[in-house]
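Below: one structure, written as structure tokens.
Numbers restart at 1 for each chain; the letters A, B, ... are given by sequence-line order, proteins then strands.
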Number of protein chains: 2
Amino acid sequence: MSHSDTSTTERISDAEYAVMEALWERAPLSAADVCKAVGGSRDWSLATVKTLLSRLVSKQAVATQPDGRRFLYTPQIARNDYVGTESRRLVDRLFGGRAATLVAHLAEAEALSDDDIDEMERLLKELRK
Amino acid sequence: MSHSDTSTTERISDAEYAVMEALWERAPLSAADVCKAVGGSRDWSLATVKTLLSRLVSKQAVATQPDGRRFLYTPQIARNDYVGTESRRLVDRLFGGRAATLVAHLAEAEALSDDDIDEMERLLKELRK
DNA sequence: TCGAATCGGTTACATCTGTAGTCGTCAACA
DNA sequence: TGTTGACGACTACAGATGTAACCGATTCGA
């Protein structure tokens with residue numbers, strides 16, 4: 001585990017993840033802000049958002065910072081770390097750890113755009129350097 | 001959705017997935033067989049395996065076929081379809097649908113072996129054809 | 001200053017998930 | 001032929017998850 005130990009890896013649920021997205025996007029937010037921010041994708045009541053936020057706080061995935069009346073919430077885990085962990089999980093689970101197999105599946109499913117292909121080639125060239 | 005509509009996409013849980021793995025591997029199996037087959041990774045009682053199997057049956061992810069005394073279970077959804085759907089889910093959720101971004105993350109996390117890189121390059125060359 | 005709008009915290013509750021025990025049945029063995 | 005196993009079906013139950021109402025405190029507008 002060479003990287004910064006990724007904190008106490010408590011799983012983040014789907015709904016919780018949507019909240020994290022909002023937080024990663026727009027720095028420190030109040031519960032109401034988050035509610036508005038995710039309003040597009042999910043139609044949650046403020047109460048729901050507050051529940052998700054407290055759960056994330058217990059999981060130490062976000063930290064609170066008092067701001068007079070209310071709290072401002074800030075992600076405690078980097079989006080990069082989370083995304084990395086999740087990707088790895090999937091690759092391990094579904095493809096025996098072989099990322100190439102994942103790509104093969106996406107390819108077979110025609111799930112790759114020309115841009116995707118271009119970018120991946122660029123990436124691989126970079127890696128090979 | 002060009003492929004055979006992937007059935008009523010009921011989510012398959014982690015534990016259920018382990019059972020599916022066994023079934024995908026060794027064709028039609030009895031509950032006891034499955035129990036033995038997954039014995040390596042998970043240490044489940046036969047009862048647990050039976051519960052998971054019935055849930056999978058309700059979800060129409062596996063079908064039963066009477067074999068005298070017992071049932072034989074067979075996957076109803078192709079491993080390829082499942083894996084494809086899950087990969088797509090992840091890419092959509094975490095990378096805004098851009099598979100290249102996934103690869104970028106795996107790369108950054110040094111999660112790609114040389115073999116992975118080789119194979120991906122081969123794949124991409126193939127796709128570009 | 002008094003009521004309305006906010007806040008965070010607490011409680012609620014149905015569903016899903018992981019894990020397993022119990023029950024009725026039927027078949028095979030003794 | 002009666003007993004013991006093996007089976008599937010049903011039941012159980014704690015923890016996670018999705019979704020939200022209620023409550024007490026506070027602040028802000030009238």
Mind calculating the distance between CZ (Arg11(B)) and C1' (dG18(C)) to the nearest angstrom? 16 Å
Roughly how many Å is it from CZ in Arg42(A) to P in dG18(D), rounded to a whole number? 8 Å
Salt-bridge present (Asp14(A), Arg89(B); N to O < 4.0 Å): yes
Counting side-chain heavy atoms from CB outward, which of dA20(C), dG8(D), dT19(C) is closest to Phe71(B)? dG8(D)
Atom pair distance, as rounded to whole Å: CZ in Arg70(A) and P in dT27(D): 13 Å
When the nearest nucleotide of DNA chain D is assigned to Ile12(A) and to Gly68(A) on a heavy-atom basis, which residue is associated with the more 5' position? Ile12(A)
Interatomic distance where CG belongs to Leu46(A) and P belongs to dC22(D) [whole Å]: 14 Å
Salt bridge between Asp33(A) and Arg26(A), side-chain N to carboxylate O under 4.0 Å? no
Heavy-atom contacts under 4.0 Å between residues 14-24 of chain A and DNA chain D, which residues? Asp14(A), Ala15(A)
Got a salt bridge between Arg11(A) and Glu86(A), using NZ or NE/NH1/NH2 to carboxylate O under 4.0 Å? yes
Can you check whether any acceptor in the base of dA20(C) is under 3.5 Å from a donor in the side chain of Thr51(B), or vice versa? yes
Are any of the side-chain nitrogens in Glu121(B) or Lys125(A) under 4.0 Å away from the carboxylate oxygens of its partner? no
Tell me the interatomic distance from Leu52(A), atom CG, to dA21(D), atom P, rounded to whole angstroms. 14 Å
Note: Ser87(B) and Leu106(A) closest approach over all heavy atoms is CB-CD2, 4.0 Å
No-H, no-angle donor-acceptor pair, Arg55(B) side chain to dT19(C) base, under 3.5 Å: yes
Salt bridge between Arg122(B) and Asp118(B), side-chain N to carboxylate O under 4.0 Å? no
First encountered from the 5' end of DNA chain C, between Ser54(A) and Arg69(A): Arg69(A)
Quickly work out the Glu10(A) CD to dA16(D) C1' distance and round it to whole Å. 11 Å
Could you pull out the closest heavy-atom pair between Leu72(A) and Asp67(A), with the gap in Å? CG-CB, 3.7 Å
Ranking dT19(C), dG8(D), dT17(D) by distance to the side chain of Tyr73(B), first place goes to dG8(D)
Looking at dT19(C), dG8(C), dA20(D), which one has an atom nearest to any side-chain atom of Ser45(A)? dA20(D)
Gap between atoms CG and C1', on Leu29(B) and dC7(D) respectively (whole Å): 16 Å
Do the side-chain N or O atoms of Ser30(B) get closer than 4.0 angstrom to the phosphate oxygens (OP1, OP2) of dC7(D)? no
Side chain of Lys50(A) - closest among dT19(D), dC7(C), dT19(C): dC7(C)
Smallest separation among heavy atoms of Gln76(A) and Gln60(A), with atom names: CB-O, 3.5 Å
Among dT17(D), dT19(C), dC7(C), the nucleotide that comes nearest once only the side chain of Thr48(B) is considered: dT19(C)
Separation of Trp44(B) atom CH2 from dG21(C) atom P, in whole Å? 15 Å
